[in-house]
Amino acid sequence: MKPLNALQITLAIAWKDLQVILKDRGLLVVIIALPMVFSMLQGIVNQRFSEENQNQLFPIALVNQDEGSAGQQIEKSIDSINVLQVFKPDSVNEARQDVLDSQVLAAVIIPQDLTGNLMAYRPSQIEVIIDPTQEQFATIITSLMDEVVAPAAIQSEISYAIRTLLSENQTYQQADDHTRRAFEAQNIAVQMTQVQKMQTDPWINVTARTQAGDEVVVVPQNLFALLVPSFTVLFAFFIVGSMSSELLKEKREGSLRRLIAAPIHPWMVIAAKMLAYVCLVLIQVGLIFGVASLLFDMPLGRSPVGLLLVSAAMGLAATGMGILVAALARSDRQADSVGLLLGFVLGALGGCFIIASPIPLYKGGGTMEIISKLTPQAHALMGYDILLNEAGGAVQVLPQALVLLGFALVTFLIASKRFRFE
Amino acid sequence: VNIWHLTKKDLLVFFKDRGAWLWLFVLPLVFLLIFSGLSGLSQTSGSAEGSSDQRPTLVVVNLDEGGSIAQSFLEDLDRRGGYRLVFFEHSEAIERLNLYKIGRYLLIPAGFSSELSQGKPTSLELIVHPNASLQTSEYILKAVEGVARDTSLELQILDGIRQMGEMQASDASGDQIFNTERILGQAKSQFERSRETPLIAVIQEVPRVEEGTSLSVLNLSTTIVPGMAVLFVFLAAQTAAKGIFEERRAGSLRRLLAAPLRRWEVLAGKMLPILILIAIQIGFIFAAGALILPVLGLGRLGAGSNVLAWLIASLVIALCSACLGILIASIAKSEGQITGLSNAILWIAGFLGGAIIPAFFLQSIPMLNILSRFVPHYWATSAYYDILARGKGLVEVMPSLAVLLIFSAGFFILGVRRFRFE
């Protein structure tokens with residue numbers, strides 16, 4: 001048989017198979033509709049949750065019963081904290097009720113005689129009533145208040161220290177009113193300087209720094225670029241069960257045996273079936289990525305060739321696995337079940353499930369990363385990650401494509417030794 | 001007796017069907033392992049679940065080990081900072097931060113204590129992952145600053161007195177007023193006093209609430225296992241439907257019509273084995289969860305404080321799924337429809353109903369929040385969550401169970417009306 005003829009026949013069989021596949025609504029639902037719906041639903045939820053998390057404000061109620069400067073100073077400090085949304089009910093009872101109704105996370109009560117107590121160096125208490133149903137977060141408000149009251153407390157401590165030292169001194173005791181007022185003025189100046197210093201140049205400076213560097217794994221800003229490929233790859237490998245059970249059904253019904261009698265090589269039939277399923281994967285990726293890009297601005301990268309390469313290599317890896325399962329399974333039902341299980345287990349190990357952490361297993365470090373990279377799913381996802389999130393090109397995804405093609409070749413070779421046409 | 005024979009026969013058929021085993025027991029187990037395994041991997045460290053400390057965690061790297069001021073600072077931070085401190089080695093913290101397994105960590109530099117002891121300013125650093133919430137970082141900074149200011153109070157007082165001393169330097173008696181020994185003594189006594197009785201103490205009050213009204217933290221054991229149970233219990237409906245469909249195709253249902261039984265009696269008889277199977281399935285999933293979760297450090301799974309409520313809720317959920325199975329079998333025209341369409345609908349319903357990701361994530365999106373009410377999964381997960389996480393009893397979960405019973409009645413009536421025996 002001439003090579004051109006063989007190709008034509010293979011393409012003709014593949015076209016026939018593809019038409020049959022496209023009529024299988026159950027398969028189309030699983031391969032195309034489910035990943036599309038899942039990735040979009042989860043994308044919407046995660047995107048919203050992430051935005052809410054970034055802009056999360058803690059509602060609190062503030063009741064300032066102190067009319068002096070300390071109360072005002074603390075109230076002003078609380079108002080200036082960006083993460084707080086401050087409500088000011090008229091009374092303590094009202095604030096307490098707001099807490100009990102979970103309208104606010106906590107109520108902060110500044111006592112009536114705070115300024116007077118500070119001036120007299122008497123201890124005071126600021127009460128934080130927290131919502132018992134959100135206790136684990138509400139306690140954060142209590143810790144924030146520690147920071148808020150610090151300037152007023154430090155002012156009073158310094159004032160008291162200086163006054164104590166002065167009071168023990170004879171010169172000060174014998175000084176006239178004018179001199180004493182001068183001492184007091186200096187004391188106040190010291191307090192002010194120290195409060196200012198505490199805020200601008202504290203003894204223990206606490207700063208935040210964002211970690212940078214190539215080794216930092218960053219979650220894509222558009223979460224759809226993470227979730228859509230994950231679900232697409234997960235469900236693409238469900239063709240393993242479908243393809244293998246279909247092959248075994250054909251074998252059981254004798255259609256494969258009949259083909260052996262035809263003047264074509266039996267493996268052309270298999271190659272055609274693989275081609276048809278690879279086309280299905282390409283249609284799946286094209287549709288899902290296209291819709292995600294249109295509806296949710298998911299980036300598609302800059303390399304359509306790269307996308308085609310990774311998708312085709314993934315399709316071949318999946319179909320190679322399909323033939324292997326068909327070669328090893330005893331019945332079409334068994335092949336279907338094994339294909340389904342493999343799809344879920346390898347998908348999970350490969351990093352298709354984004355649960356609890358937005359970092360997929362294949363870049364999560366440790367042993368799990370090594371195990372993850374043994375699955376074809378991980379390499380398909382890595383390829384899409386490079387294309388979609390790092391704007392890589394076809395050359396950058398060649399290693400992933402080669403691994404997938406290698407996987408397809410190995411499974412195909414093993415299957416070709418084991419598969420029986422009758 | 002006849003119904004029992006029928007049930008026994010059906011149970012035997014189900015147990016011989018490996019596909020049914022896959023959907024009823026194997027896949028739930030695989031999913032449970034995947035979900036809990038991935039959640040376990042993303043835990044910061046030993047979980048606080050099961051213990052009374054439910055505060056959010058703050059990772060700390062202490063390079064000043066043995067430093068007394070660092071130690072005292074950390075004790076204060078743990079006591080008042082609103083966070084449960086988790087200590088890591090520096091390299092481990094960097095690795096985890098790079099992989100976004102933690103959002104941030106607090107770094108205490110080497111020499112922190114000695115520098116402060118020598119009266120030199122020092123600094124603390126909060127190192128943040130680029131994707132971590134800015135808001136969260138901000139309130140952690142505030143909390144740390146608050147504790148840091150208290151730690152440096154002694155230095156602050158000393159500095160204030162020294163400043164006053166410098167102002168008095170022109171005065172001949174100035175040196176005598178603020179001699180070093182006296183200054184140190186005064187600052188130390190005030191610092192010690194402030195630790196015992198802070199000048200402004202922030203006290204926290206947690207109002208008492210009725211038991212069971214507290215919303216607990218996102219406890220993975222109380223969301224993953226019930227979620228998986230609900231997802232697969234309803235997916236079992238399609239396995240049941242497939243069984244019934246097979247019988248219709250084989251003609252055994254037609255033969256049953258010859259028996260002196262009404263249509264609904266035959267269908268009710270068909271439901272009994274399904275109900276038993278699903279009840280076994282629920283027991284299996286919860287038992288597996290109870291065994292797996294503690295191994296992964298995700299807390300313990302119990303049947304809540306009310307075993308009876310859990311048992312009745314499980315039976316109602318199983319009934320609802322069995323009725324759904326009858327409905328699917330009555331509507332589906334082919335096996336492909338059962339595996340494809342109903343599969344898709346049940347997975348999506350599972351997602352919307354909070355079986356795959358907790359319902360409260362979905363509730364942040366009004367549209368999904370409304371849609372979720374229209375699927376039985378939502379009421380099933382709500383009932384389980386109320387019993388297991390909120391410790392509610394049978395009476396309190398009655399509304400959810402009532403809705404499930406309405407769903408069941410609806411499915412059954414529709415199923416009986418549309419059911420074709422041949």
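Worth knowing before you read on, the calculation uses all heavy atoms, side chains too, and leaves out hydrogens, waters and symmetry mates.
Nearest heavy-atom pair, A:I158 versus B:Q156, reported as atom, atom and distance to 0.1 Å: CD1-O, 3.9 Å. Closest non-hydrogen pair, B:P130 versus A:T210, comes out as CA-CG2, 3.7 Å. What you find for A:A153 and B:I200 is that their closest heavy atoms are N-CD1, 4.0 Å. The shortest heavy-atom contact between A:W203 and B:G119 is CZ3-O, 2.9 Å. Of all heavy-atom pairs between B:I157 and A:A161, the closest is CG2-CB, 3.7 Å. Nearest approach of A:I162 to B:G160, heavy atoms of both residues: CD1-O, 4.1 Å.
Looking at B:F73, neither its backbone nor its side chain comes within 4.5 Å of chain A, counting heavy atoms on both sides. When heavy atoms are compared at a cutoff of 4.5 Å, B:E138 approaches chain A solely by way of its side chain, counted from C-beta outward. Contacts of B:L77 with chain A are absent, with no heavy-atom separation under 4.5 Å from either backbone or side chain. Interface remark: B:V30 contributes side-chain atoms only to the contact with chain A (heavy atom separation under 4.5 Å).
Note that CD of B:Q186 is 9.5 Å distant from CD of A:E157, once rounded to the nearest 0.5 Å.
Contacts of A:E369 classified as salt bridge (charged side-chain N to carboxylate O under 4.0 Å, His left out), with partners at least two apart in sequence or in another chain: A:K373.
Between the B:K101 side chain and the A:G364 main chain, a donor and an acceptor come within less than 3.5 Å of each other. Side chain of A:E147 to backbone of B:V147: no donor-acceptor contact under 3.5 angstrom is found. The backbone N or O of A:V218 lies less than 3.5 Å from no partner atom in the side chain of B:H129, so there is not a single donor-acceptor pair.
Between chain B and the options A:E215, A:Q221, A:R333, A:R25, the largest number of non-hydrogen pairs under 4.5 Å is found for A:E215.
Within the 4.5 Å cutoff, the side chain of B:Q204 has heavy atoms near those of the A:I130 side chain.
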